[in-house]
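Report on the following structure.
Along the sequence shown, residues are numbered consecutively beginning with 1.
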Amino acid sequence: MANYDVIIIGSGPGGYVCAIRCAQLGLKVACVEGRETLGGTCLNVGCIPSKALLHASHMLHEAEHNFAAMGLKGKSPSVDWKQMLSYKEKTIGQNTSGIEFLFKKNKVDWLKGWGSIPEAGKVQVGDEVHEAKNIIIASGSEPSSLPGVEIDEKVVVTSTGALELGKVPKKMIVIGAGVIGLELGSVYARLGSEVTVVEFLDAVTPGMDAEIQKVFQRTLKKQGLSFVMGAAVQKTEATKTKAKVTYKLRKDDSEHVIDADVVLVATGRKPYTDGLGLEGLGVTMTKRGQIAVNAKWETNVPGIYAIGDVIEGPMLAHKAEDEGMAAAEQVAGKHGHVNYGVIPGVIYTHPEVANVGATEEMLKEEGRAYKVGKFSFMGNGRAKANFAGDGFVKILADKTSDRILGAHIIGPAAGDLIHEICVAMEFGASAEDLAMTCHAHPTYSEAVREAALACGDGPIHM
């Protein structure tokens with residue numbers, strides 16, 4: 001048995017960042033992880049491997065559609081699926097081994113195995129019980145499913161199974177038009193699959209700005225994805241090689257059946273707290289199965305904290321990282337802070353989609369007077385040169401003070417461009433502040449400046 005200042009359960013983005021920050025603050029730290037590699041869902045079966053496949057499939061799309069126009073002529077590349085998966089695995093390995101190196105560098109002990117909390121101040125891993133002044137739960141989330149949908153990770157798969165299919169399916173059905181479903185759906189559409197997305201609601205990416213939703217869905221349709229909206233999935237039926245999906249349209253209650261080689265269930269995620277022993281400890285949970293915490297990420301049990309996907313808020317790796325650093329500060333006797341109003345969201349399709357802050361719908365519901373500044377990437381020289389003119393930047397600012405309230409981007413490098421606006425919002429900047437800042441030419445970022453100019457007297461290049 002070992003004694004620690006803090007033990008973190010889970011080595012995903014929240015857990016490993018928290019562990020490293022705790023060590024930097026002079027605490028004796030251990031991190032519990034039952035996988036063979038560190039990094040949690042994100043690095044092993046989530047963010048990182050999916051981005052590898054998104055990048056590879058986008059390169060194929062460029063070769064097939066844009067190379068010849070640039071004078072790059074030759075036979076289009078064929079897809080070696082096994083090699084593509086090997087590239088994905090190498091990418092995972094580089095990242096997970098990097099976390100292991102950082103643990104050693106910062107003297108963080110890796111307690112290998114699955115952890116539970118038999119009582120406050122103690123963490124059990126296998127047959128060993130370790131003592132800790134503080135315990136931070138960062139056990140993440142797992143895919144959620146629907147009644148009547150049985151997942152086998154071969155024919156009916158979650159994102160985990162979709163990242164390691166034996167071959168590229170001829171037909172794929174994606175249940176759910178959220179971030180995961182659309183990212184992986186676009187990967188397989190580029191690789192030649194006939195992809196149909198079945199969504200319960202009437203718009204893709206629920207909660208996003210309505211204008212972005214419409215443009216995004218239209219863009220994906222052009223790329224070959226089909227959509228069945230307002231459809232409630234009743235069940236899936238799978239054989240060894242095929243699957244059928246039965247759904248009812250909400251508008252008329254009519255029942256339909258479609259078939260495919262693979263069904264991807266992308267209906268969201270739920271907190272993963274199994275086996276931790278929270279019920280026995282008396283830890284308060286929310287109605288949605290999340291761990292309830294206060295503003296300092298403390299549970300109702302003294303000395304036990306929780307961060308990331310197991311608590312309320314968006315299930316995003318970077319949100320978990322921020323909470324991990326903030327909770328570490330709290331445990332070390334300092335002040336931790338997360339600005340939940342400035343947490344960006346990104347969808348890594350092509351074009352990318354990114355957002356931060358309020359949507360127009362939120363501001364209307366709030367009754368707040370606002371103004372909109374928009375600029376199309378078709379007016380951006382760099383975007384036109386790179387066959388990336390689809391999409392726009394949209395900035396929302398307070399009508400009176402001009403303070404930036406939110407931003408929504410669909411276009412090239414949207415996931416990188418959004419951070420300029422995040423920094424501006426963090427400092428309480430106005431749209432004019434952004435508009436008066438010199439931007440290098442030619443860059444995609446000029447579209448952000450032009451959208452800020454559009455909040456005032458108007459953009460230059462439109």
Side-chain angles (χ1 to χ4, degrees), residues 10-17 31-63 77-105 110 112-114 139-143 151-170 172 174 179-193 195 241 261-266 269 272 309 315-318 320-321 346-350 352 415:
S11 73
Y16 85 72
V17 167
C31 184
V32 181
E33 177 55 61
R35 290 180 190 269
E36 293 298 315
T37 51
L38 299 169
T41 294
C42 178
L43 271 67
N44 288 278
V45 291
C47 319
I48 297 303
S50 64
K51 301 314 163 282
L53 294 184
L54 280 158
H55 176 67
S57 60
H58 178 58
M59 292 298 99
L60 175 66
H61 173 85
E62 288 292 283
S78 59
V79 176
D80 184 333
W81 180 237
K82 286 186 178 179
Q83 179 60 36
M84 192 176 287
L85 291 180
S86 175
Y87 151 70
K88 179 207 69 173
E89 290 300 320
K90 186 177 180 181
T91 304
I92 294 170
Q94 289 171 334
N95 282 275
T96 56
S97 61
I99 304 302
E100 194 169 349
F101 165 77
L102 290 172
F103 271 17
K104 290 175 182 175
K105 176 186 174 184
W110 175 6
K112 298 184 180 182
W114 300 105
S139 49
S141 59
E142 61 182 340
I151 293 164
D152 60 17
E153 294 296 13
K154 293 179 180 178
V155 177
V156 181
V157 302
T158 65
S159 55
T160 301
L163 290 167
E164 52 186 20
L165 294 177
K167 60 181 179 180
V168 177
K170 290 183 179 179
M172 170 181 273
V174 178
V179 176
I180 295 171
L182 297 183
E183 283 188 355
L184 290 175
S186 70
V187 165
Y188 284 102
R190 293 172 193 164
L191 296 175
S193 299
V195 178
T241 57
D261 303 295
V262 171
V263 176
L264 166 59
V265 182
R269 298 180 66 83
Y272 180 70
D309 288 3
M315 289 185 172
L316 298 169
H318 43 282
E321 288 181 356
V346 183
I347 305 174
Y348 297 90
T349 48
H350 189 81
E352 290 183 352

Listing, residues 83-96 side-chain donor-acceptor contacts under 3.5 Å, not counting sequence neighbours, or none:
from, atom 1, to, atom 2, distance (Å)
Lys88, NZ, Leu163, O, 2.6
Thr91, OG1, Tyr87, O, 2.9
Asn95, ND2, Thr91, O, 2.8
Thr96, OG1, Ile92, O, 3.1
Thr96, OG1, Gly93, O, 3.3

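Applying the side chain to side chain donor-acceptor pair (under 3.5 Å) test to every pair with at least one member in residues 152-163, sequence neighbours left out, gives these pairs: Glu153-Thr158. Residue pairs meeting the salt bridge (Lys or Arg N to Asp or Glu O under 4.0 Å) criterion with at least one partner in residues 156-169, sequence neighbours excluded, are absent.
Listed by chain and residue number, His65 satisfy the ring-ring contact (aromatic ring centres under 6.0 Å, His included) test with His61 (two or more places apart in sequence, or in another chain). Residues satisfying the side chain to side chain donor-acceptor pair (under 3.5 Å) criterion with Ser139, sequence neighbours excluded, are absent altogether. In this view, Glu142 satisfies the side chain to side chain donor-acceptor pair (under 3.5 Å) rule with no residue, not counting sequence neighbours. Under the side chain to side chain contact (heavy atoms under 4.5 Å, CB included) criterion, Ser57 pairs with Val187, Arg190, Leu191, sequence neighbours left out. Residues satisfying the ring-ring contact (aromatic ring centres under 6.0 Å, His included) test with His318, not counting sequence neighbours, are none. With sequence neighbours excluded, the residues forming a salt bridge (charged side-chain N to carboxylate O under 4.0 Å, His left out) with Glu183 are Lys51, listed by chain and number. Applying the side chain to side chain contact (heavy atoms under 4.5 Å, CB included) criterion to Trp114, with sequence neighbours excluded, gives Glu33, Arg35.
With hydrogens and angles ignored, the 3.5 Å screen pairs no side-chain donor or acceptor of Tyr348 with any backbone N or O of Cys47.
Taking both residues in full, the closest heavy atoms of Gly10 and Cys31 are given as O-SG, 3.4 Å, listed atom of the first, atom of the second, then distance. Shortest non-hydrogen contact noted between Val168 and Ser193 is CG1-OG, 3.4 Å. The shortest non-hydrogen separation linking Leu184 to Ser50 is CD2-CB, 4.3 Å. Pairing each heavy atom of Leu264 with each of Ala162, the nearest pair is CD1-CB, 4.0 Å. Looking at every heavy atom in both residues, Thr349 comes nearest to Ser186 through CG2-OG, 3.7 Å. Contact between Ser141 and Asp309 at its shortest, heavy atoms only, is OG-OD2, 2.7 Å.
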- Apply side chain to side chain contact (heavy atoms under 4.5 Å, CB included) to Leu43 and Leu38, showing your working. CA-CA 8 Å; Leu43 271 67; Leu38 299 169; over 6 Å; no
- Any chance you could lay out the side chain to side chain contact (heavy atoms under 4.5 Å, CB included) test for Tyr188 and Val174, step after step, and finish with the verdict? CA-CA 11 Å; Tyr188 284 102; Val174 178; over 6 Å; no
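We find the NE2-NE2 distance between His350 and His58 to be 4.0 Å, quoted to the nearest 0.5 Å. Separating the CD1 atom in Ile347 from the CD1 atom in Ile180 is a distance of 11.0 Å, to the nearest 0.5 Å.
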